[in-house]
Amino acid sequence: MNFSLFLTELWNARMNLLAGLGDTVLISVASVLLGTFLGVFVGLAMTYGNKPTRFGVRLYIDFLRGTPVFVLILACFYILSVVGLDLSAFQAGVLALTMFCSSHVGEIVRGALKAIPAGQTEAAKSIGLTFGQTFAYILLPQALRQILPTWVNTATEIVKASTLLSIIGVVELLLATQQVISRTYLSLEFYLFVGFVYFILNFLIEQAGRAVERRISIP
């Protein structure tokens with residue numbers, strides 16, 4: 001390893017790598033937030049929906065969880081364009097990761113809500129609370145303690161899955177690094193560097209999740 005040459009090339013490529021890092025963070029944040037928002041409704045439908053609704057949502061969850069993320073990305077980019085929905089590579093990638101995230105979050109929410117005694121929902125109805133109020137003030141605070149650890153794992157998986165968007169031309173951190181490698185031929189050095197960057201991103205997510213978990217835990 002030529003460390004001095006690597007530092008020189010790293011400095012020269014800093015703007016391209018920072019742009020790739022920015023896209024990785026943007027893709028991950030957008031996919032996790034949108035996937036979590038959608039996943040909450042998926043989990044509610046699985047728990048409190050009627051039988052046809054639960055059946056349809058179960059198909060949605062099982063299909064997405066059983067399909068490789070790589071295939072979802074290609075499907076969102078190529079198949080949707082065939083049916084007339086023209087999305088950019090960035091938009092198609094975020095859509096695929098959002099759907100994947102929502103299927104996992106939906107299952108997490110369903111499991112957490114099922115663990116809450118039914119008597120609490122019945123008590124809320126008896127004092128006149130709407131379902132929205134019951135969910136916001138009674139169910140969600142309790143479910144959050146069970147959801148958070150698994151949700152953090154899902155968020156880190158989305159960060160790692162964002163590397164697959166390079167296959168459809170999204171210049172996220174990995175593809176930006178590969179472009180630098182193709183010019184400098186310092187493959188080992190730059191792959192070690194980008195691996196460390198991904199580790200830092202996921203480590204920060206994990207630490208943030210633990211901090212929130214400590215804050216909402218029951219003494």
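Every salt bridge (charged side-chain N to carboxylate O under 4.0 Å, His left out) that Arg210 has, sequence neighbours left out, goes to Glu206. Remark: Phe6 engages Phe190 in a ring-ring contact (aromatic ring centres under 6.0 Å, His included) (not counting sequence neighbours). Annotation: side chain to side chain contact (heavy atoms under 4.5 Å, CB included) contacts of Leu72 (sequence neighbours excluded): Leu64, Thr67, Ala96, Phe100. By the side chain to side chain contact (heavy atoms under 4.5 Å, CB included) test, Tyr137 pairs with Gln133, sequence neighbours left out. Residues that satisfy the side chain to side chain contact (heavy atoms under 4.5 Å, CB included) test with Asp23, not counting sequence neighbours, are absent from this structure. For Arg14, the side chain to side chain contact (heavy atoms under 4.5 Å, CB included) partners are Trp11, not counting sequence neighbours. For Glu9, the salt bridge (charged side-chain N to carboxylate O under 4.0 Å, His left out) criterion is met by Arg183, not counting sequence neighbours.
Residue Phe55 belongs to a hydrophobic cluster whose other members are Leu59, with links defined by side-chain heavy atoms closer than 4.5 Å. Here Leu204 sits in one hydrophobic cluster together with Phe196, Phe199, Ile200, Phe203; the rule is ILVMFWY side chains under 4.5 Å apart, joined directly or through other members. By the 4.5 Å side-chain criterion applied to Ile, Leu, Val, Met, Phe, Trp and Tyr, Tyr185 is assigned to no cluster and stands alone.
Ile158 and Leu175 fall into different hydrophobic clusters, where Ile, Leu, Val, Met, Phe, Trp and Tyr are joined by side-chain heavy atoms under 4.5 Å apart, directly or via other members.
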Exercise answer: donor-acceptor pairs, residues 161-171 side-chain atoms, under 3.5 Å, sequence neighbours excluded:
residue	atom	partner	partner atom	Å
Ser162	OG	Val159	O	2.5
Thr163	OG1	Lys160	O	2.7
Ser166	OG	Thr163	O	3.0

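For the pair Arg54 (side chain) and Gly49 (backbone), a donor-acceptor distance under 3.5 Å is present. Looking at Gln120, its side chain never comes within 3.5 Å of a backbone N or O of Ile116 through a donor-acceptor pair.
Within the structure, the ring pair (Phe, Tyr, Trp, His ring centres under 6.0 Å) test picks out the following pairs touching residues 24-50 (sequence neighbours left out): Phe37-Phe41, Tyr48-Phe131.
In the model, Asn153 has no side-chain atom that pairs as donor or acceptor with a side-chain atom of Thr150 under 3.5 Å.
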